[in-house]
Amino acid sequence: MVTSPQSPRPSDPAEVEALHRLILASLDDDQAVETISIPLAGKSSIADFMVIASGRSTRQVASMAMKLAEKIKAEFGRSVRIEGLPTADWVLIDANDVIVHLFRPEVRSFYNLERMWAFGDAPTPPASPADRNL
């Protein structure tokens, strides 16, 4: 009998929602800028939510990431994977059910993850006057 490896993602929707709320509250407490949450459940198997936020400096981005990892460990007993902490221009925090991207504003606008992951939910930018004349 062959068994597949167990997924590290818990299946309890209440735990996923509690994790999501903790992340949003932590970012709010740390004065993250322009925090958005994109629901991925049913759209992608990588996570149930993607949270994107900005910090005003690399120091703030790194601090938010470290505090968030500590809070998740304390509340849920799980360690998160963090990438990008040494430079802190873009820090990825993988909490299994919720993926968090923390950016400096310039880096965030360059990659524009919100638009890429919105699945058509994001508003389309207005047409420029030059486009209307075509």
Any idea which heavy atoms bring [X] and [Y] closest together, and the distance?
X    : Y    : value
H101 : L92  : CE1-CD1, 3.4 Å
I82  : A69  : CD1-CB, 3.7 Å
L22  : I72  : CD2-CG1, 3.8 Å
F49  : S37  : CD2-OG, 3.7 Å
A32  : M64  : CB-SD, 3.7 Å
G55  : P105 : O-CD, 3.1 Å

ILVMFWY cluster, V33 and I93 together (side-chain gap under 4.5 Å) = no
task = Indicate, with yes or no, if I46 and I52 share a hydrophobic cluster defined by side-chain heavy-atom contacts under 4.5 Å among Ile, Leu, Val, Met, Phe, Trp and Tyr.
result = yes
request  = Measure from the side-chain N and O atoms of R104 to the backbone N and O of A88, and report whether any donor-acceptor pair falls under 3.5 Å.
outcome  = no
ask   = Got a donor-acceptor contact below 3.5 angstrom from the Q60 side chain to the Q31 backbone?
value = yes
query = Take atom CD in E83; do more than 12 heavy atoms of anything else shown fall under 6.0 Å from it?
reply = no
query = What do the steps show when you test N96 against R81 for side chain to side chain contact (heavy atoms under 4.5 Å, CB included), and what is the final call?
reply = CA-CA 9 Å; N96 293 322; R81 290 181 296 276; 3.5 Å; yes
Close side-chain approach of L24 to V51, heavy-atom, < 4.5 Å = yes
ask   = Taking C-beta and beyond as the side chain, do E114 and N112 meet within less than 4.5 Å on heavy atoms?
value = yes
From [X] [atom1] over to [Y] [atom2], what is the distance, rounded to the nearest 0.5 angstrom?
X    : Y   : atom1 : atom2 : answer
K71  : D29 : NZ    : CG    : 4.5 Å
E106 : D89 : CD    : CG    : 8.5 Å
L102 : L85 : CG    : CG    : 10.0 Å

key: Test side chain to side chain contact (heavy atoms under 4.5 Å, CB included) applied to L113 and W90, step by step   = CA-CA 12 Å; L113 291 183; W90 175 3; 3.8 Å; yes
message = Working note: L68 + D30, criterion side chain to side chain contact (heavy atoms under 4.5 Å, CB included); need CA distance, chi angles, decisive distance, verdict.
response = CA-CA 9 Å; L68 190 53; D30 291 337; over 6 Å; no
query = Of the options D97, V98, L40, L19, which is the one that meets D48 in a side-chain contact (heavy atoms from CB on, under 4.5 Å)?
reply = D97
task = Could you walk me through whether K73 and E70 pass the side chain to side chain contact (heavy atoms under 4.5 Å, CB included) test, one step at a time?
result = CA-CA 5 Å; K73 178 73 172 176; E70 291 168 6; 5.7 Å; no
